[in-house]
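Residue numbers start from 1 in every chain, and the chains themselves are labelled A, B, ... in the order their sequence lines are given, proteins ahead of strands.
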2 protein chains.
Amino acid sequence: MLAAHQILDTALALVDERGTDALTVRGVAAALDVAPNALYTYFPNRDALRAALVEHLLGELDGVKLPADWPTALRHLAGALRALLARHPGAVPLFVAGPMFGPHGLHTGERALALLAGAGFTPTAAARALYTVLAYTLGFAAMDAAELTPGAPADMDTRVAQRRTAFEAVPAADYPHTHAAASVMATYVTDTQFRSGLDTILAGLARSAASPSR
Amino acid sequence: MLAAHQILDTALALVDERGTDALTVRGVAAALDVAPNALYTYFPNRDALRAALVEHLLGELDGVKLPADWPTALRHLAGALRALLARHPGAVPLFVAGPMFGPHGLHTGERALALLAGAGFTPTAAARALYTVLAYTLGFAAMDAAELTPGAPADMDTRVAQRRTAFEAVPAADYPHTHAAASVMATYVTDTQFRSGLDTILAGLARSAASPSR
DNA sequence: ACCTGAACACCGTTCAAGT
DNA sequence: ACCTGAACACCGTTCAAGT
């Protein structure tokens, strides 16, 4: 007999190995040696399966520790989400299309809001801060995932080399600044770039946290 | 006889009217009263058509004026991108999956980098700043677009009302902070929230722009 | 070069039937 | 309740053929 978690595990394996498009009802069913329509006992349709997979992955964030120091906590949270999406690039389009606000998403969000409230943020400021960090993290992960070919080798050296090749192909005559900056950007390990942007946001938040409007 | 721009116009109309999934080779061909495979004269495959549509839309950013004051310029640029994506929510997944670095994307990027260089940013700092703003804008637009149903009424009053209903459904007992913040967030016109996050980023950038590392 | 008809290997989903 | 066989209306793409 099947079980919902088996279906989700198989779906995740397919997405990780062969990319977003491999997540098909028929493909998952075949991997489970089952008729395609067998899955409809557990999920009403394909989108429900996708949403359940997102929800399943968001569960990993439940274990993230959130220290009382709010910038550190937001760094941990955003870092964990980014790491999660980086581990499953094929799942990123599902997150983008989807329900960040299921039970697990709400639970993590609630923890973050509670933490910010404890740090002196008003409910409004806390919600805005969290939303900003979330949008940045999701957007960054999306651009990151878009660069990865479905079943390609994703080790950092290879990626940096590929980025360099791609960026150096930009004609320096037409795009001088792009060419100059691109040769540097290729060497940025993506983690470094992610933290840089996140630190910028946290610095901005700290500034308004020091003002009366917080 | 067909033309590439006709195909793209039709594809865009389909995406706008019926959502991302309506962008199919056969659907576009049918809308043009043409056999499905006729499109292969102009695009080698479906992904090329999608990429061309993204590129076509990015062309709208060429007209964005970038004043010398860099925070204002970044506000204009990010605002124009967000407005573009808000006008075509069904196209957002294409941007996310896709090639922000075609000719039009490069051109706009180059203009932004030149502007930041003129404001005293090093190539490295300029590239990082632009990437951060881009990630935030794309992530925000993605979450925004995910909320919209394919052919639903998208006027602001309706959306706020729907958001309120959705957020108020969150049980206050389990998620007190979420519930409290959510009732406020529902009333945020999305533009206000977008500018709030963007201002946070710009404030963070201004801080590092004042330091020697810029 | 540009378009069509026909075909291939896929999709998601439904329905009736079996256990 | 859980699964299957068969069918439906779709996909993207290719190939040979026509103009």
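Pair assignment for C:dT19 gives D:dA1, based on Watson-Crick or G-U wobble hydrogen-bonding distances that are each under 3.5 Å. With a cut-off of 3.5 Å on both pairing distances, the Watson-Crick or G-U wobble partner of C:dT13 is D:dA7.
Going from atom CD1 of A:I7 over to atom P of D:dC3 covers 8 Å, rounded to whole Å. Between the C1' atom of C:dC11 and the CZ atom of B:R46 lies a distance of 11 Å, rounded to the nearest Å. Between B:L32 atom CG and C:dT4 atom P the separation is 10 Å, expressed in whole Å. Look at OH on A:Y42: it is 9 Å from C1' on D:dA1, rounded to the nearest Å. Taking atom CG on B:L39 and atom P on D:dC11, their separation rounds to 12 Å, with Å as the unit. Taking atom CG of A:N45 as the reference point, atom C1' of C:dT14 lies 13 Å away to the nearest angstrom. To the nearest angstrom, P of D:dC11 lies 11 Å from CG of B:D21. Remark: P of C:dC11 and CG of A:L23 are 11 Å apart, rounded to the nearest angstrom.
Of the candidates D:dT4, C:dG12, D:dT13, C:dG12 carries the atom nearest the A:V25 side chain, counting heavy atoms from C-beta on. Distances were taken from every side-chain heavy atom of A:P36 (C-beta onward) to each of C:dT4, D:dT4, C:dT13; the shortest belongs to C:dT13. Of all nucleotides listed (D:dC2, C:dG12, C:dC2), C:dG12 comes nearest to the side chain of A:T24. When distances are taken from the side chain of B:A35 to each of D:dC3, C:dT4, C:dC2, the shortest belongs to C:dT4.
For the atom pair A:L198 CG and A:R82 CZ, the distance stands at 11.0 Å (nearest 0.5 Å).
Remark: A:Y40 is not in phosphate contact with D:dT4, judged by side-chain N or O atoms under 4.0 Å from OP1 or OP2. Taking only side-chain nitrogens and oxygens, B:T41 never comes nearer than 4.0 Å to OP1 or OP2 of C:dA1.
Outside the 6.0 Å centre-distance limit, the rings of B:F140 and A:Y136 are not counted as a close aromatic pair.
Checking each of B:V34, B:V25, B:L39 against B:I7 for a side chain to side chain contact (heavy atoms under 4.5 Å, CB included) leaves exactly one that passes, namely B:L39.
A:R26 comes within 4.0 angstrom of a base, heavy atoms only. Nucleic acid contact class of A:F43 (heavy atoms, under 4.0 Å, all strands): none.
Between B:V28 and B:Q6 there is no side-chain heavy-atom pair separated by less than 4.5 Å. Here the side chains of B:T178 and A:L113 are in contact, with some heavy-atom distance below 4.5 Å.
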